Undergrad: 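One structure, pasted below without further comment.
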There are 2 protein chains.
Amino acid sequence: METPAPATERPDDAPATATSKSAQTRQRILDAAAEVLSRKGYAGTRLADVAAVAGVQAPAIYYYFSSRDDLVEEVMWVGAHLVRLHVEEVLAALPDATPMMDHLMVAVDAHLRFELQLSDYATASIRNAGHVPEQLRVRPAAEEALYSRLWRDLFVAAQQAGEVRADLDVNVFRLLLLGAMNWVVEWWNPRTRSLDELVATAQAMVRNGAAAR
Amino acid sequence: METPAPATERPDDAPATATSKSAQTRQRILDAAAEVLSRKGYAGTRLADVAAVAGVQAPAIYYYFSSRDDLVEEVMWVGAHLVRLHVEEVLAALPDATPMMDHLMVAVDAHLRFELQLSDYATASIRNAGHVPEQLRVRPAAEEALYSRLWRDLFVAAQQAGEVRADLDVNVFRLLLLGAMNWVVEWWNPRTRSLDELVATAQAMVRNGAAAR
DNA sequence: GGTGAAATCTAATAGGATTTAGAAACATGG
DNA sequence: CCATGTTTCTAAATCCTATTAGATTTCACC
């Protein structure tokens, strides 16, 4: 549920320790915003709700963020950022000789588990990407572009290695796959379905759907 | 100040001609709402915007709908309803001996083309399904359940016919597929990508991803 | 043309949410 | 324990938009 302090942006010019009381409160507010945003969406998220979850009064938020939209934008950016970091990390840990198709399998696993278990930020970011005002999308969109590129590179490499069918349109396939995984937040219920099975099925969809014969 | 036509469902018992001035205006407002909702989402849709697109003043909307939420709910319901009708229609036109896998291919084609080309209602319905307040989801959700069942039946039949791998979890696969197709509205741009190619790739994803060897 | 209902408009109301203002509590170093 | 800056609160202002009220136009039909 809670995401460990990921140095949300840059340490700014604040010389104080990253775990000072102030920084902690800011983090609590940000976490609360991610949680509420992931559950209720942009429209349904009121500052009073966020404040309640964070254990402060609504106006306290303005000590750390200049506006509601500023807070939302940061949650979205952090969400996109964390997913990318997580997947990159997991991929980097693979042995050098790992086949490209296995890279894809691992990426699918990492994306889904992170999105569903580890991060309200990821869920908030995914669910609200297309629902916030234009001006809030600029910074998060840059992160998403980097993430997109990561997947594109995976697919292109897999195709060049002959592990993915040469006649497959990997760009469209990739967008469909990311859509399938992103949409999971709209229907997945941990009570009724096992995460393992979901991951396995998504992996099968890629392996069988894209693999060369 | 009485509402001329049944504000909620179809003009079943409406005595007046279906194309009366009144019915036309109501339709114009509904169309406008679908258009704005599909573009700006639930949060970003203001009655003033809808009214502007429909060519009336905002209060005129209240002559036909009892509230903003009532209007939104109807758009959502119509969206879900139309997609289902369209796909059912296309499937019904198939020759009796058509293999089940071809049923699936046709359904994928119909869903995507309808969603992307024909209907702001479908787009509005898809994009906002998880973003409107609970109370607005009841009626649309019933439609979606019917649509879900349609797909479930397709997959189950295909699996029983031996055209889909026996070990595939068709429920999860179906939800992933519908997610992939629904999410398309978030990224598809008719200018930069051909719809034909999108459809072909989605079909390939199902055919190769699910087919028995 | 006159008449009444239907349809739409202008102008005002109302309620909820963000956002400011300014005071109180808190911490921290001298 | 005092002084000073930081953090948070209460109370109030402001803004935005749905909604209502009431007036006005449109239009079918006598």
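Predicted model, so just to flag it, every value in this text is computed and none were measured. These values consider heavy atoms only, across backbone and side chains, with no hydrogens, waters or symmetry-generated copies. A note on names: the letters A, B, ... follow the listed sequences, proteins ahead of strands, and every chain is numbered from 1.
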Undergrad: Indicate yes or no for a side-chain donor-acceptor contact from A/Y121 to the backbone of A/E35 under 3.5 Å, with no hydrogens or angles considered.
TA: no
Undergrad: Rounded to whole Å, how long is the line connecting atom CD of B/Q57 with atom C1' of D/dA21?
TA: 16 Å
Undergrad: Look at the side-chain N and O atoms of B/T25 and state whether any lies under 4.0 Å from the OP1 or OP2 oxygen of C/dA7.
TA: no
Undergrad: Tell me whether the OP1 or OP2 atom of D/dA21 has a side-chain N or O from B/Y62 closer than 4.0 Å.
TA: no
Undergrad: Would you kindly give the CD-to-C1' distance between B/Q24 and D/dT26, to the nearest whole Å?
TA: 15 Å
Undergrad: Rounded off to whole Å, could you give me the CD1-to-C1' distance for the B/I29 and D/dA18 pair?
TA: 15 Å
Undergrad: Do A/D70 and A/Y64 have a side chain donor and acceptor closer than 3.5 Å?
TA: no
Undergrad: Does the ring center of A/H103 lie less than 6.0 Å from the ring center of A/F155?
TA: no
Undergrad: Roughly how many Å is it from CD1 in B/I61 to C1' in D/dT20, rounded to a whole number?
TA: 14 Å
Undergrad: Round to the nearest Å and state the distance from B/Y63 atom OH to C/dA5 atom P.
TA: 12 Å
Undergrad: Pick the nucleotide of DNA chain D nearest each of B/P59 and A/A58; which residue has the one closer to the 5' end?
TA: A/A58
Undergrad: Please report, rounded to the nearest Å, how far the P atom of C/dA17 is from the CZ atom of A/R68.
TA: 10 Å
